[in-house]
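Okay, so here's the structure we're looking at.
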Amino acid sequence: MTVRNLVVVLGDQLDLDSAAFDGFEPGRDRVWMCEAPAESRYVWTHQARIAIFLAAMRHFRVALEARGWRVDYQASGAHPHTTLAEALSAAVAALQPQQLVWVEAGEWRLARDLEQVAASVGLPFDVRADRHFLCSRDDFDSWMRGRTHPRLEHFYRWMRGRSGLLISADGQPEGGQWNYDSDNRRSFGAQGPGFVPQTRRFEPDAITRDVLALVEAQYPDHPGSLAGFDWPLTREQARVALADFVEHRLADFGPYQDAMWDREPLLWHSRLSAAMNLKLLSPREVIDAAVAALHARQAPLASVEGFVRQIVGWREYVRGLYWHHMPQYLDDNALGAHEPLPPFYWNGKTEMRCLRITIEDTLANGYAHHIQRLMITGLFALLLGVDPRQVHEWYLAVYVDAVEWVELPNSIGMSQHADGGLMGSKPYIASGKYIAKMSNYCSGCRYDPALSTGPKACPFTTLYWDFLARHRQRFAAHPRLVMQVRNLDRMQPEAVSAIRAEAELLRQRLRA
Ligand code: FAD
Ligand code: SF4
């Protein structure tokens with residue numbers, strides 16, 4: 001049989017309603033999917049991240065075949081190719097399709113590779129827009145036109161306005177405010193979070209167990225653990241996970257968004273990023289479920305708005321910025337940071353308790369919540385002055401939800417300020433005192449967050465002052481950092497010199 005369209009489905013495109021399948025004729029077209037080892041190796045990928053992609057892909061294949069569609073599925077170990085490009089070239093040679101079809105890839109590198117394959121085999125190709133997102137790449141570029149300093153807040157209001165989401169009949173935001181951030185920055189206090197609902201687990205089925213065994217056999221030296229692997233891997237499971245979040249955690253999502261507590265890696269976060277990034281869930285249905293809970297009085301506006309902002313705002317915003325700024329984004333290093341990533345990022349072996357807990361959570365679960373990523377691992381790398389490319393590669397490797405379009409602007413932009421302020425107007429910097437306020441990590445740590453020099457000095461606090469001193473020129477006039485710079489200027493010069501010497505010793509120790 002002659003194949004008309006060979007429809008390429010990538011590992012993060014597991015959506016039965018995808019534009020890739022528009023006009024699909026089972027008698028004439030064929031789906032092509034491939035587990036390419038290079039995709040698991042181009043960064044030193046956490047075992048759970050490899051497993052979630054492969055297991056979700058294999059379940060998606062079953063869903064496609066249940067429709068009676070033919071899937072040319074290249075399973076790991078059953079084909080000789082390393083890269084997707086090699087495997088696709090071989091498939092084209094074998095199947096001789098008339099055309100290649102795919103939905104725009106989420107990653108710049110893969111978008112380039114697919115077009116190169118099509119060009120090298122001389123086939124026409126049809127790249128279709130990704131309907132998963134609420135803002136198309138063209139719409140984002142129009143919004144960006146003329147803006148040198150794009151800001152999330154402006155984008156978010158524009159998105160709310162044009163969709164009517166949480167907008168009252170008079171055109172004003174529901175509740176009268178665009179955001180409830182001031183209600184949403186609570187910490188727990190000494191008593192801790194109290195009762196935290198357990199998240200819904202999904203026991204591995206036979207397909208997943210095969211994948212877990214494969215990952216253990218083929219990637220034994222990769223970081224992380226598969227022991228508690230319980231992620232939703234099908235659309236049905238993802239919908240159960242969404243319902244579970246809305247019923248049990250959404251109401252308290254808002255107030256404690258920024259809080260951290262040891263042995264509570266999830267708190268009231270949704271744990272839905274991986275299912276959304278694999279496209280098992282659409283952002284629309286996630287938001288609709290949250291807004292329905294608001295209207296049914298099951299969750300307060302501050303929590304629902306806070307949650308909606310993450311998805312309609314941040315998630316769409318970083319995707320737009322990624323495509324707008326690639327491939328330059330990969331090389332951004334506005335603060336001239338060149339330190340190597342400390343080895344403890346890969347094993348958690350450090351006496352800094354906040355980092356140890358966050359990295360141990362990450363290695364155990366392939367998950368850490370946003371504030372752990374931004375204000376623990378990200379903050380330390382920023383203050384230390386780690387090469388942003390190495391920071392990016394770590395974040396891309398260790399989280400099950402990591403796909404470059406969302407990970408890279410968050411790492412290089414939001415957390416390392418290496419894009420010079422494209423993503424956020426100022427670097428997210430803080431001393432150990434912020435961590436002491438927002439978590440219980442400092443109790444039981446051998447360091448003291450209030451100290452910047454001496455044997456008990458908290459490395460975050462030392463490096464915080466050192467960062468301000470190193471970048472004083474750059475940030476002295478910044479309206480949102482001026483107070484912090486003024487505090488630095490109030491210090492005695494000898495005290496600043498002592499901090500800077502201590503920071504340098506710390507860097508030397510961490511390089512060793
Ligand atoms: P919740 O806290 O429940 O938030 C709800 C949803 O909002 C998330 O599922 C996610 O889809 C979206 N969201 C929240 N914050 C952001 C954000 N800053 N950017 C984009 N979407 C957001 N998110 C990823 O999906 N993949 C990544 O690889 C990734 N890497 C990150 C790296 C760094 C350095 C930082 C600071 C953040 C990163 N994030 C990434 C964003 C955010 O931390 C995760 O989306 C979130 O922690 C996922 O957990 P959750 O589903 O429980 O989120
Ligand atoms: Fe982290 Fe410093 Fe607190 Fe220790 S004292 S947990 S290193 S912030």
Side-chain angles (χ1 to χ4, degrees), residues 12 49 106 152 199 241-242 245 249-250 253-254 256-258 260 262 265-278 281 283 286-287 290 303 306-319 321-322 350-358 366-382 388 391-392 394-416 423-424 428 430-452 456-464:
D12 64 343
R49 178 170 180 260
L152 177 273
T199 176
L242 169 61
F245 166 68
R249 300 195 300 284
L250 173 63
F253 173 85
Y256 300 113
Q257 260 180 89
D258 287 4
M260 299 171 279
D262 64 355
L266 183 62
L267 293 166
W268 285 272
H269 292 272
S270 69
R271 205 179 182 245
L272 293 173
S273 49
M276 272 192 280
N277 296 350
L278 292 167
L281 286 177
V286 174
I287 292 159
S303 280
F307 182 69
V308 162
R309 161 184 298 261
Q310 307 307 317
I311 294 169
V312 176
W314 282 112
R315 188 169 185 269
E316 297 287 327
Y317 184 63
V318 300
R319 191 238 182 187
L321 283 183
Y322 174 81
T350 168
E351 290 185 297
M352 292 178 270
R353 190 162 179 267
C354 53
L355 278 161
R356 191 175 73 236
I357 291 170
T358 300
Y367 177 89
H369 66 70
H370 185 66
I371 296 301
Q372 290 180 300
R373 298 187 204 195
L374 183 65
M375 297 309 286
I376 305 291
T377 43
L379 175 62
F380 191 76
L382 170 68
V391 179
H392 147 61
W394 184 79
Y395 279 104
L396 187 58
V398 297
Y399 291 112
V400 293
D401 58 25
V403 190
E404 198 180 81
W405 63 263
V406 53
E407 171 278 326
L408 186 139
N410 270 299
S411 310
I412 291 196
M414 185 190 269
S415 103
Q416 301 303 297
M423 170 120 171
Y428 286 88
S431 72
K433 285 187 188 166
Y434 169 87
I435 296 169
K437 183 173 144 225
M438 298 309 295
S439 74
N440 67 341
Y441 295 160
C442 301
S443 50
C445 181
R446 94 166 200 60
Y447 300 110
D448 180 342
L451 299 179
S452 50
K456 286 186 66 106
C458 164
F460 280 82
T461 305
T462 310
L463 291 169
Y464 165 77

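In this text, all values refer to a predicted model and were calculated from it rather than measured experimentally. Note that ligands are numbered from 1 as they come in the structure, with each ligand's atoms numbered from 1 the same way.
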### Task
Report yes or no: do Gln257 and His370 form a side-chain donor-acceptor pair below 3.5 Å?
no
Part of [X] with heavy atoms under 4.0 Å of ligand 1, whether side chain, backbone, both or neither:
| X | value |
| --- | --- |
| Phe245 | neither |
| Gln257 | neither |
| Tyr367 | side chain |
| Ala368 | backbone |
| Asn277 | side chain |

#### Entry: Polar contact flag for Arg271 and ligand 1 (N/O pairs, less than 3.5 Å)
yes
Around [atom], find the nearest protein heavy atom and jot down its residue, atom name and distance.
| atom | result |
| --- | --- |
| atom 23 (N) of ligand 1 | Val406 CG2, 3.6 Å |
| atom 46 (C) of ligand 1 | Arg373 NH2, 4.2 Å |
| atom 5 (S) of ligand 2 | Tyr447 O, 3.5 Å |
| atom 5 (C) of ligand 1 | Phe307 CE1, 3.5 Å |
| atom 39 (N) of ligand 1 | Asn410 ND2, 3.6 Å |
| atom 8 (C) of ligand 1 | Ser273 CB, 4.1 Å |
| atom 2 (Fe) of ligand 2 | Cys458 SG, 2.4 Å |
| atom 16 (C) of ligand 1 | Trp314 CB, 3.9 Å |
| atom 2 (O) of ligand 1 | His269 ND1, 2.7 Å |
| atom 6 (C) of ligand 1 | Ile311 CG1, 3.8 Å |

Residue selection (non-hydrogen contact nearest [atom]) among [options]:
| atom | options | result |
| --- | --- | --- |
| atom 27 (C) of ligand 1 | Val286, Val398, Asp401, Leu152 | Asp401 |
| atom 13 (N) of ligand 1 | His370, Gln310, His369, Met375 | Gln310 |
| atom 53 (O) of ligand 1 | Ala241, Pro283, Ser270, Ala397 | Ser270 |

### Query
Does Cys442 bring an N, O or S atom to under 2.8 Å of atom 2 (Fe) of ligand 2?
no
### Query
Can you find a non-hydrogen atom of Ala436 under 4.0 Å from ligand 2?
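The answer is no: ligand 2 sits nowhere under 4.0 Å from a heavy atom of Ala436.
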[X] ring center near [Y] ring center (under 6.0 Å):
| X | Y | answer |
| --- | --- | --- |
| Phe253 | Trp268 | no |
| Tyr399 | Tyr367 | no |
| Tyr441 | Tyr447 | no |

### Task
State whether Cys354 contributes an N/O/S atom found under 2.8 Å from atom 1 (Fe) of ligand 2.
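Cys354 does place an N, O or S atom closer than 2.8 Å to atom 1 (Fe) of ligand 2.
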In Å and rounded to the nearest 0.5 Å, what is the [atom1] to [atom2] distance from [X] to [Y]?
| X | Y | atom1 | atom2 | result |
| --- | --- | --- | --- | --- |
| Arg373 | Ser411 | CZ | OG | 9.0 Å |
| Asn440 | Asp262 | CG | CG | 4.0 Å |
| Phe245 | His269 | CZ | NE2 | 9.5 Å |

### Query
For the residue pair Met276 and Ile311, what are the closest heavy atoms and their distance?
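Scanning both residues completely, I find the closest heavy atoms to be CE-CD1, 3.8 Å.
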### Message
Can a donor-acceptor pair be found, under 3.5 Å and without considering hydrogens, that links the side chain of Glu351 to the backbone of Cys445?
### Response
no
Atoms of ligand 2 close to [X] [distance to a heavy atom under 4.0 angstrom, numbered from 1]:
| X | result |
| --- | --- |
| Met352 | 7 (S) |
| Pro449 | 5 (S) |
| Tyr441 | 6 (S) |

### Message
Closer than 4.0 Å to some heavy atom of Leu374 - which atoms of ligand 1 meet that?
### Response
36 (C)
### Query
Hey, does Phe253 sit under 4.0 Å from ligand 1 if you only count heavy atoms?
yes
### Task
Give a yes/no on ligand 1: does Tyr395 have at least one heavy atom closer than 4.0 angstrom to it?
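True for this residue.
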### Query
When you look for heavy atoms under 4.0 Å from ligand 2, do you find them on the side chain of Cys445, its backbone, both, or neither?
side chain
